[in-house]
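Written out below as structure tokens is the structure these notes cover.
Each chain gets a letter, A, B and so on, in the order the sequences are listed, and its residues count up from 1.
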Amino acid sequence: MGIALSGLFNPVEINIESLSGRKIAIDGNNALYQFASTIRQYDGSFLMDSKGRVTSHLSGLFYRTMSLLKHGVKPCFVFDGKPPSFKNATIGERVNAREKAREEYKLALEEEDFERAKSKAQQSTRITPEMFDESRALLDYMGVPVINAPSEGEAQASHMCFKGDVFACVSQDYDSLLFNSPILIRNLNITGKRKLPQKNIYVNITPEKIVLQDELNRLGLFHDQLIMMGILVGTDFNPKGIFGIGPKKAYDLVKQYPNFDTLFNNVKWTFDISPKEIFDFFKNPPVTNDYNLHWKQPNPDKIFELLCDEHNFSKDRVENTLGKLSQLRKKEGQTGLDKFF
DNA sequence: GGCATAGTCTCCTA
DNA sequence: GAGACTATGCC
């Protein structure tokens with residue numbers, strides 16, 4: 001998933017408070033995948049309702065989104081539409097990798113190796129259409145805009161950020177920088193502490209911001225060269241990239257051959273799709289201007305219905321979370337400045 | 001005691 | 001992943 005350019009950028013640490021009042025576009029597929037793979041029990045099994053339906057993603061989505069709202073952040077969620085046909089190979093590979101992980105998960109469970117079981121279960125995570133639908137519904141009940149992208153969600157979010165309709169794109173992947181998003185925010189979590197697997201070490205994960213133009217200036221690159229680098233190291237459309245080329249070699253190559261044709265005449269291209277086709281997709285992906293960024297008050301009745309009645313969430317906990325937000329908004333309303341809406 | 005912070009447990013089922 | 005909860009340390 002995504003583009004292996006992690007070492008290339010110099011992220012700037014930020015805190016949630018600095019995002020207060022800002023509109024941000026969250027990569028919905030990325031967020032749901034994170035929640036569904038992370039929120040598990042000790043042996044790797046999901047949280048589930050009385051009918052055995054997965055609820056992990058709803059828990060993560062509800063509590064994090066509510067927390068963002070409490071911090072005055074205005075999130076919208078962008079979901080993937082129909083992937084381009086040339087992504088099929090990648091999608092097929094992912095299906096296979098998940099299947100393999102699922103078999104290894106079962107085996108680890110039989111051997112009662114719960115640590116391994118959990119890790120394999122997380123690798124086998126799949127988001128079903130029902131999980132997507134319920135997530136969209138929950139967001140709608142929370143008064144948060146949902147945007148369904150015509151194609152790649154990151155392309156749509158980047159388009160919205162480029163237009164200035166949102167302050168930043170939020171994702172763990174770097175794709176939006178190739179789609180020309182001016183700002184990418186990673187690690188947008190609320191609680192910082194994270195336990196490293198297998199070890200008794202806690203690390204502090206803080207949100208970070210990558211400003212595209214600052215990075216291009218620092219690296220002395222044009223945006224086209226960044227896309228070329230991405231294609232060299234591998235994108236969702238040519239997974240794993242060219243053998244033997246990582247970020248370092250890719251950087252040297254685009255510096256040596258800033259011209260697209262010259263560059264790709266000098267590397268060993270083994271994919272069915274041409275590099276130009278990938279390049280053109282990042283430059284000009286299908287996006288839409290048909291979206292509404294309008295935030296509403298949460299609808300507690302619908303939220304209780306979905307989370308508590310339908311999926312057995314604790315009513316006390318959900319009520320408490322909703323109550324804290326409405327108290328906060330009441331207080332802000334009393335100051336005479338209702339800046340949220 | 002009160003308060004803050006660090007680390008642990010639970011969330012989700014009949 | 002997030003919030004509730006418990007343990008610990010400091011005044």
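Rounded to whole Å, atom C1' of B:dC11 lies 14 Å from atom CZ of A:F35. Rounded to whole Å, the distance from CD on A:Q41 to C1' on B:dC9 is 12 Å. Note: CE (A:M48) to C1' (B:dT10) measures 15 Å, nearest angstrom.
Applying the salt bridge (charged side-chain N to carboxylate O under 4.0 Å, His left out) criterion to A:R116, with sequence neighbours excluded, gives A:E111, A:D113. Considering only residues two or more places apart in sequence or on other chains, A:K23 meets the salt bridge (charged side-chain N to carboxylate O under 4.0 Å, His left out) condition with none of them. Scored by the salt bridge (charged side-chain N to carboxylate O under 4.0 Å, His left out) test, A:K249 finds no partners at all (sequence neighbours excluded). Remark: A:R186 pairs with A:E208 by the salt bridge (charged side-chain N to carboxylate O under 4.0 Å, His left out) rule, at least two apart or across chains. For A:T321, the side chain to side chain contact (heavy atoms under 4.5 Å, CB included) partners two or more places apart in sequence, or in a different chain, are A:F62, A:Y63, A:M66, A:K70.
When the nearest nucleotides of DNA chain B are assigned to A:R40 and A:S50 by heavy-atom distance, the more 5′-ward of the two goes with A:R40.
The stretch residues 313-322 of chain A touches DNA chain B through A:F313, A:S314, A:R317, each having a heavy atom within less than 4.0 Å of the strand.
Clustering of Ile, Leu, Val, Met, Phe, Trp and Tyr by side-chain heavy atoms under 4.5 Å joins A:F243 with none of the others. Hydrophobic side-chain contacts under 4.5 Å tie A:F114 into a cluster, directly or through other members, with A:Y42, A:Y105, A:L109.
Aromatic ring orientation, A:F260 versus A:F264: tilted (interplanar angle from 30° to 60°).
Of all nucleotides in DNA chain C, those with any atom nearer than 4.0 Å to a heavy atom of chain A start and finish, going 5' to 3', at C:dG1 to C:dA4.
Using a 4.0 Å heavy-atom distance criterion, A:I39 is classed as a base contact.
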